[in-house]
Protein chains: 2
Amino acid sequence: MAADPLSRVFAALADPTRRDLVARLAVADATVGDLAEPYDVSVQAVSKHLRVLEDAGLVSRSRDAQRRPVHLEAEVLDLMTAWIERYRRQAEERYRRLDDVLASMPDDSDSTTGPTTERGNPS
Amino acid sequence: MAADPLSRVFAALADPTRRDLVARLAVADATVGDLAEPYDVSVQAVSKHLRVLEDAGLVSRSRDAQRRPVHLEAEVLDLMTAWIERYRRQAEERYRRLDDVLASMPDDSDSTTGPTTERGNPS
DNA sequence: CGCCTCCTCAACCAAGTGGTTGACAAAGGT
DNA sequence: ACCTTTGTCAACCACTTGGTTGAGGAGGCG
């Protein structure tokens with residue numbers, strides 16, 4: 001399974017059931033049984049989902065008698081927002097610069113096809 | 001494949017190669033060949049990755065002769081940040097309230113074990 | 001002690017994923 | 001007109017995934 005943390009977090013949240021679990025855990029800690037109840041899948045399936053979330057660092061399980069209360073570790077979410085925001089902003093910045101270029105260019109029928117012209121090719 | 005848009009976006013970014021593609025596309029549009037060059041996988045593999053990104057709405061492909069310049073559609077990222085932020089904030093809020101409760105409670109040796117006590121059990 | 005509850009582990013299965021290779025369409029270059 | 005470049009489609013493969021059932025461990029309860 002994907003070694004890097006970021007992939008694990010993204011993958012963990014790529015499942016609707018898992019996202020719903022996170023949503024519910026944002027409200028309150030809960031036991032596996034409580035969490036499983038609304039969905040019509042087995043408790044084992046939910047337990048597996050929780051393990052995925054745990055491996056992603058999104059959730060922690062402690063002990064309370066036979067119960068294993070699940071707790072949301074929300075900090076990991078910042079990892080994602082950091083990544084996302086970085087590139088969203090970068091893309092925005094690029095569009096802004098492109099607009100500037102286009103604005104300062106009266107008309108040039110060759111470059112209207114695409115911005116491919118200013119590509120910085122590696123190697 | 002996961003029907004809902006949010007799952008598709010999360011799943012799309014759960015792969016390091018795909019995240020790298022997004023990162024590079026944030027800088028500039030590029031052709032499939034350009035994008036494939038740095039990785040030591042086939043062009044077909046990259047083309048597949050791009051399709052996943054496209055299905056997630058993260059990327060669009062146009063035409064320029066035989067080339068198919070790929071363009072990043074950064075707006076979809078907001079879908080994710082919206083989701084993430086919502087629950088991160090909700091969790092934070094909860095911790096704040098819990099702190100308040102604990103602060104207003106001098107000492108109660110029974111409730112120190114866990115916050116399980118204030119669980120709102122359904123049905 | 002014996003049972004019942006809560007949960008995980010193990011084995012299995014169908015479907016999806018990331019990769020490969022091979023064939024081929026589309027468009028230019030010569 | 002050919003050949004080359006650029007990219008997709010299709011078939012195939014190993015592996016992962018989300019689900020199932022069955023067994024079992026850990027810990028109260030009568």
Every protein N/O lying under 3.5 Å from an N/O of nucleotides 22-30 of chain C:
from: dG22(C); atom 1: O6; to: Gln44(B); atom 2: NE2; distance (Å): 2.8

| Atom CZ in Arg88(B), atom CG in Asp78(A): separation rounded to 0.5 Å? | 5.0 Å
| remark: One should read off an interatomic distance between Tyr87(B) OH and Leu58(A) CG, to the nearest 0.5 angstrom, of 13.5 Å
| Are Leu25(A) and Leu6(B) in one and the same hydrophobic cluster, where Ile, Leu, Val, Met, Phe, Trp and Tyr link if side-chain heavy atoms are under 4.5 Å apart? |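 Per the 4.5 Å side-chain linkage, Leu25(A) and Leu6(B) are co-clustered.
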Protein-nucleotide distance ([X], atom [atom1]; [N], atom [atom2]), rounded to Å:
{"X": "Lys48(B)", "N": "dC9(D)", "atom1": "NZ", "atom2": "C1'", "value": "10 Å"}
{"X": "Asp29(A)", "N": "dC6(C)", "atom1": "CG", "atom2": "P", "value": "18 Å"}
{"X": "Asp40(A)", "N": "dG18(D)", "atom1": "CG", "atom2": "P", "value": "17 Å"}
{"X": "His49(B)", "N": "dT20(C)", "atom1": "NE2", "atom2": "C1'", "value": "12 Å"}
{"X": "Leu13(A)", "N": "dT17(D)", "atom1": "CG", "atom2": "P", "value": "15 Å"}
{"X": "Asp55(A)", "N": "dG18(D)", "atom1": "CG", "atom2": "P", "value": "12 Å"}
{"X": "Phe10(A)", "N": "dT17(C)", "atom1": "CZ", "atom2": "C1'", "value": "18 Å"}

| Does any pair with a residue in residues 40-53 of chain B pass salt bridge (Lys or Arg N to Asp or Glu O under 4.0 Å), and if so which ones, sequence neighbours excluded? | none
| query | Does Ser42(B) place a side-chain N or O at less than 4.0 Å from the phosphate oxygens OP1/OP2 of dT20(C)? | reply |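 Answer is yes, contact under 4.0 Å.
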| message | Measuring to OP1 and OP2 of dT8(C), would you say a side-chain N or O of Ser47(A) lies under 4.0 angstrom away? | response |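 Indeed, a polar side-chain atom of Ser47(A) lies that close.
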| Which comes earlier along DNA chain D counting from the 5' end, the contact point of Asp15(A) or that of Arg61(B), where each point is its nearest nucleotide? | Arg61(B)
| remark: Regarding the side chain of Thr31(B), the nearest nucleotide among dG7(D), dG18(C), dT20(D) is dG7(D)
| request: Give a yes-or-no answer on whether the side chains of Arg19(A) and Ser7(B) include a donor-acceptor pair shorter than 3.5 Å. | output: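 Indeed, the side chains of Arg19(A) and Ser7(B) share at least one donor-acceptor pair under 3.5 Å.
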| task | Go through the side-chain N and O atoms of Asp20(B) and Thr17(B) and say whether any donor and acceptor fall under 3.5 Å apart. | result | no
| Any donor-acceptor N/O pair, Arg94(A) side chain to Ala26(B) backbone, under 3.5 Å | yes
